[in-house]
Colleague: 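Below is one structure. I have some questions about it.
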Amino acid sequence: SIGANAALSAAAVALSGGAASSFWPLFLLPVFTACLHLEARHVTGAWAAATAFLAYFYLDGFWEGRRWDLCEFLIKAGVLAFAAAVAARLSFKERALRVAESQARARVETLARSLERRTAADLLELRRQSLNTLVPGIVHALQNPLAVVLGSVELLIREAPEGSTSSRDLER
C-alpha cells in the first residue's frame, strides 16, 4: 500500500510537471499511511522512500549544480520530515489511547460480570436468610392457636367415655 501510494504520487508529479509540479505534497500519502498502520522505524522508511521518489525529479538540477533546485528539494524534504514527525506522534498517541481504552473497557466488563454474579449470589443469600427468619415466625404464629386446639382436644379425650366413636375421632 505504501509503495503503491509512493509510485502513484510519483506518477502524478511526473505527469504534472516534475520538479515544478504543485502535486509534490502527494508524497505525504505513503508517509501518513505508514503513520497510521506501522511502527516508527517503518514511518522513517516510508519518509525516506517518499524523499527518494521526490529526489528523482531534482536529479538533473543536482548534476547541473543548480543550487535553487537543491534548496527547493531540501525544503520539500524538510516539510515531508516535519509532517511525518507530527503525524507519527499523533498517530502513535492515538493508538496508545485506543489500546488503553480497550483495556479499560475489558476491565469494566469483567467488573460488571463479577458484580452481576455477586449480586445474584447476594440475592440468593438474602432469600435464604429471609426464609431462615421468616419460617420460625410463621411456625410460632401457627403454634399458639394449635396449642390451644390441642389442649382443648386433650381435655375432651379425658372426659369422653373410652372406646366411643367420639374418643377415637378426638384421638385422630
Side-chain angles (χ1 to χ4, degrees), residues 1-140:
S1 164
I2 293 169
N5 279 339
L8 288 172
S9 299
V13 170
L15 293 173
S16 65
S21 173
S22 302
F23 289 125
W24 71 267
L26 287 174
F27 286 113
L28 288 170
L29 287 175
V31 175
F32 288 163
T33 302
C35 290
L36 292 175
H37 301 291
L38 302 175
E39 298 173 10
R41 61 190 167 112
H42 296 110
V43 172
T44 305
W47 169 80
T51 304
F53 272 108
L54 182 63
Y56 169 76
F57 298 106
Y58 290 93
L59 285 177
D60 289 341
F62 295 160
W63 297 125
E64 293 174 11
R66 292 191 305 248
R67 291 185 184 191
W68 174 246
D69 282 353
L70 178 62
C71 287
E72 187 177 328
F73 168 74
L74 290 176
I75 290 170
K76 290 178 181 179
V79 168
L80 289 175
F82 179 74
V86 170
R89 181 176 169 93
L90 292 174
S91 178
F92 297 152
K93 195 175 202 179
E94 158 76 19
R95 275 193 249 170
L97 287 173
R98 222 179 295 146
V99 167
E101 177 190 5
S102 174
Q103 291 170 343
R105 183 168 289 150
R107 283 194 305 271
V108 166
E109 288 174 4
T110 301
L111 287 172
R113 283 193 300 274
S114 173
L115 183 61
E116 287 172 0
R117 284 192 301 268
R118 177 154 180 168
T119 303
D122 287 348
L123 272 172
L124 190 60
E125 183 60 29
L126 273 173
R127 285 185 191 138
R128 269 194 220 116
Q129 286 177 358
S130 65
L131 280 177
N132 289 342
T133 56
L134 188 63
V135 168
I138 292 171
V139 168
H140 180 70

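Bear in mind the structure is a predicted one, so any value in this text is a computation, not a measurement.
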Colleague: Between the side chains of R105 and E109, is the shortest nitrogen-to-carboxylate-oxygen separation below 4.0 Å, so that they form an ion pair?
Modeller: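 Here E109 does not pair with R105 in a salt bridge, since their nearest N and O are not under 4.0 Å apart.
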Colleague: Looking at every heavy atom in both F57 and A10, which two are closest together, and how far apart are they?
Modeller: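 In terms of heavy atoms, the two residues are closest at CZ-O, 3.3 Å.
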Colleague: Minimum heavy-atom separation for C35 and R95, please, with both atom names.
Modeller: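 Here C35 and R95 meet closest at O-NH2, 2.5 Å.
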Colleague: Please test E39 against F92 for side-chain contact (heavy atoms from CB on, under 4.5 Å), starting from the C-alpha separation and ending with a verdict.
Modeller: CA-CA 8 Å; E39 298 173 10; F92 297 152; 5.7 Å; no
Colleague: Just verifying a value: how many Å separate F32 CZ and L80 CG, rounded to the nearest 0.5 Å?
Modeller: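 With rounding to 0.5 Å, CZ (F32) is 8.5 Å from CG (L80).
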Colleague: Could you go step by step and tell me if L70 and Y58 meet the side-chain contact (heavy atoms from CB on, under 4.5 Å) rule?
Modeller: CA-CA 7 Å; L70 178 62; Y58 290 93; over 6 Å; no
Colleague: Nearest heavy-atom pair of A50 and V31: which atoms, and what distance?
Modeller: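 Scanning both residues, the minimum pair turns out to be CB-CG2, 4.1 Å.
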Colleague: Given the rule in the side-chain contact (heavy atoms from CB on, under 4.5 Å) test, do T51 and F73 qualify, once you have shown the distances and angles that lead to the verdict?
Modeller: CA-CA 9 Å; T51 304; F73 168 74; 3.6 Å; yes
Colleague: Quick check for you: to the nearest 0.5 Å, what is the distance between R98 atom CZ and Q103 atom CD?
Modeller: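 That separation rounds to 13.5 Å.
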Colleague: Please name the pair of heavy atoms, one in A88 and one in V43, separated by the smallest distance, quoted to 0.1 Å.
Modeller: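 Closest approach of A88 to V43: CB-CG1, 4.2 Å.
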Colleague: For L28 and A83, work out which heavy atoms get closest and say how close.
Modeller: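 L28 and A83 have their closest heavy atoms at CD2-CB, 3.4 Å.
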Colleague: Write down the atom of W47, the atom of A81, and the distance for their closest heavy-atom approach.
Modeller: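 Closest approach of W47 to A81: NE1-N, 3.1 Å.
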